[in-house]
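Following: one structure in structure tokens, then a few remarks.
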Amino acid sequence: MLNYWLIKSEPDTYSWKDLENEEIGTWDGVRNYQARNNLRAMRLGDKCLFYHSVTHKSIVGVCEVCEEAFMDTSYGNENPNWYAVRVKPVFAFKNAVSLAQIKENPNLAGISLLRQTRLSVCPLSQTEFEELLRMGDNDEL
DNA sequence: GCCAACGTTGGC
DNA sequence: GCCAACGTTGGC
């Protein structure tokens with residue numbers, strides 16, 4: 001059973017373009033237990049929407065989990081508390097979906113992006129995922 | 001630049 | 001175990 005996620009990054013730090021250039025991106029540096037638990041729940045093939053926070057505030061693409069959680073050594077390898085995953089880009093949104101559009105859409109009233117603004121790795125329902133794809137004028141997966 | 005919403009730390 | 005102080009994230 002496929003699950004859906006939304007992962008945030010400040011584009012000045014790591015952008016969708018950076019992920020496309022790398023082809024496989026390592027999602028590390030998460031230092032929040034709830035976000036970490038979400039990372040650990042990710043399974044191969046799960047789809048993630050890529051959200052540009054702070055300066056852009058828009059969903060810009062879909063990526064896919066290509067390596068499940070492994071120990072995050074980005075702060076040294078002495079701390080077993082933190083995990084990372086790897087993702088690869090699937091496609092860029094035709095039209096980026098802005099935070100304002102998300103707030104305006106009553107079908108997305110319960111989305112965790114709005115309910116827990118500081119959570120950098122959020123779960124999405126399949127309905128929310130599909131609604132966001134539609135808003136970005138994307139073809140079905 | 002400011003502020004809301006958390007999360008963490010440390011004193012008691 | 002409580003709470004004040006502080007730090008971080010992210011929207012406005």
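Letters A, B, ... are given to chains in the order of the sequence lines, protein chains preceding strands, and every chain is numbered from 1.
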Review point. With a 4.0 Å cut-off, would you call A/R43 and A/E68 a salt bridge?
Key: yes
Point to revise | Gap between atoms CD and P, on A/Q34 and B/dG7 respectively (whole Å) | key: 7 Å
Check your understanding: Taking OP1 and OP2 of C/dG11, is either one under 4.0 Å from a side-chain nitrogen or oxygen of A/Y51?
Key -> yes
Revision key, fill the gap. In whole angstroms, the gap separating P of C/dT8 from CD of A/E10 amounts to 13 Å
Exercise for review: Let me know the distance between CZ of A/R118 and C1' of C/dT8, rounded to the nearest Å.
Suggested key: 6 Å
Exercise for review: Measure distances between side-chain N and O atoms of A/R31 and base N and O atoms of C/dT8, and say whether any donor-acceptor pair falls under 3.5 Å.
Suggested key: no
Exercise for review: Check whether any side-chain nitrogen or oxygen of A/K8 sits under 4.0 Å from OP1 or OP2 of C/dG10, and answer yes or no.
Suggested key: yes
Practice item. Would you mind reporting whether A/L108 and A/L113 have side-chain heavy atoms less than 4.5 Å apart? Key: no
Exercise for review: Would you mind classifying the nucleic acid contact of A/L119 as base, sugar-phosphate or nothing, using non-hydrogen atoms under 4.0 angstrom?
Suggested key: nothing
Exercise for review: Rounded to the nearest angstrom, tell me the gap between atom CH2 in A/W82 and atom C1' in B/dG7.
Suggested key: 10 Å
**Study point:** A/Y51, A/F93, A/F50, A/F91 screened by ring pair (Phe, Tyr, Trp, His ring centres under 6.0 Å) with A/W16, the one that passes
**Key:** A/F50
Check your understanding: Atom NE2 of A/H56 to atom P of C/dG10: distance rounded to whole Å?
Key -> 16 Å
Exercise for review: Could you please name the option among B/dG7, B/dC6, C/dG10 that lies closest to any side-chain atom of A/V54?
Suggested key: C/dG10
Practice item. Ignoring the backbone of A/S53, work out which of C/dG10, B/dG7, B/dT8 is nearest its side chain. Key: C/dG10
Check your understanding: Does any non-hydrogen side-chain atom of A/L133 lie less than 4.5 Å from one of A/V62?
Key -> yes
**Study point:** Between C/dG10 (P) and A/Q116 (CD): distance, integer Å
**Key:** 12 Å
Study note, to complete from the structure: From CG of A/L6 across to C1' of C/dG10 the rounded distance in Å is 13 Å
Practice item. With the side chain counted from C-beta on, respond yes when A/L19 and A/C63 share a heavy-atom pair under 4.5 Å apart, and no when they do not. Key: yes
Exercise for review: Return the value, rounded to whole Å, for the distance between atom OH of A/Y33 and atom P of B/dC6.
Suggested key: 19 Å
